[in-house]
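Here's the structure, in structure tokens; my notes come after.
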Amino acid sequence: MRALATPMRSPSPYRGRLAPSPTGYLHLGHARTFCIAQERAGAGTLILRDEDLDRARCRALFAEAMLEDLRWLGLRWSEGPDVGGPFAPYTQSARRPRYVEAFERLRAGGFLYPCYCSRQRIAQAAASAPHLGEEEPVYPGTCRPPSGAPPSEAPRAGINWRFRLPEREMVAFVDGNAGEQRAVCGADFGDFVAWRKDDFPAYQLAVVVDDAAMEITEVVRGADLITSTFRQLLLYRALGLAPPLFFHCALMLDAKGARLAKRHDSLSLRALRARGVTPEEVRAMMETAARS
Ligand code: GLU
């Protein structure tokens, strides 16, 4: 079994990012991750990227609210959709040509294949297959062409395109917060969708293209995305790009021990503000939750 380990980056000026998706109001958990991102950026650069590719769920109203709520909390960024910067645009829906270019490079390199399976069919076929935590089931390989097959020339739109994982390779990286992480391709996770049938990049591809293009040196985000990092490391390698460092923050839980989600409206920054809670009190609430 070959092992893919994260190359160590040489120290370059720190560039971190806040990458919220405007699919709802931000809550305390996001606020905490973003405050940690700001702390880690220190005197380096922090940028804000609007990750609005989920067309069914993203709303302009939430995009405006997220910038406003983060500013209210005291977060500041020196590049972003509202302030511009050398890597503009900072809104993913305006960055499509870059994703298409990455798609074509991956396709030409034999890393992608079209997949015609429905979600239901995959779930049935993989019902008993192992997978990491809340992860999607490991794709059973129904549409995977034999190795060495020429790149598919199918039209890009209208089909899901999966990234072909290397056989049984172990992907490992050392997380700045959570320590050493490992996963085995094809066992812990399967061939994943990199380009969606609505002709938009999947999150995994868009985030890699953008973090590389924006010269991000460390990605700070919630621990729920650790399992995505394995996929992203493979995309970095396939695209010939150097990965950043990773720092995954523990997730905040509600009083019943469930993970905070955008549906926890009472803990949204909006709702807290409306109740007269101050930014200092929000920061104190985050710290209390982190200790409990
Ligand atoms: N936009 C993603 C989210 O809000 C986060 C992506 C990332 O930090 O890599 O869940």
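Computed from a predicted model, the values in this text were never measured in an experiment. Keep in mind that the numbers below use all heavy atoms, side chains included, and drop hydrogens, waters and symmetry copies.
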Distance (rounded to the nearest 0.5 Å) between Asp210 CG and Leu205 CG: 9.0 Å

Aromatic plane relationship, Phe62 with Tyr25 - under 30° parallel, 30 to 60° tilted, over 60° perpendicular: perpendicular

Identified side-chain contact (heavy atoms from CB on, under 4.5 Å) partner of Trp195 from the options Leu106, Val100, Asn160: Val100

Shortest non-hydrogen contact from Cys58 toward Thr23: SG-CG2, 3.7 Å

Hydrophobic cluster (4.5 angstrom, side-chain heavy atoms) - remaining members for Val220: Tyr14, Ile36, Phe247

Arg164 and Ser147 side chains, donor-acceptor separation under 3.5 Å: no

Heavy-atom donor-acceptor pair, Arg162 side chain to Asp191 backbone, under 3.5 Å: yes

Sequence-distant partners of Arg156, side chain to side chain donor-acceptor pair (under 3.5 Å), two or more places apart: Asp199

Nearest-0.5 Å distance, SG of residue Cys143 to CH2 of residue Trp161: 11.5 Å

Value rounded to 0.5 Å, distance of CG in Leu67 from CG in Leu48: 5.5 Å

Nearest-0.5 Å distance, OG of residue Ser152 to CZ of residue Arg107: 6.0 Å

Please tabulate, one pair per line, all N/O donor-acceptor pairs under 3.5 Å involving side-chain atoms of residues 82-89, not counting sequence neighbours.
unit_1, atom_1, unit_2, atom_2, d
Asp82, OD1, Trp77, NE1, 3.0
Asp82, OD2, Arg71, NH2, 2.9
Asp82, OD2, Trp77, NE1, 3.3

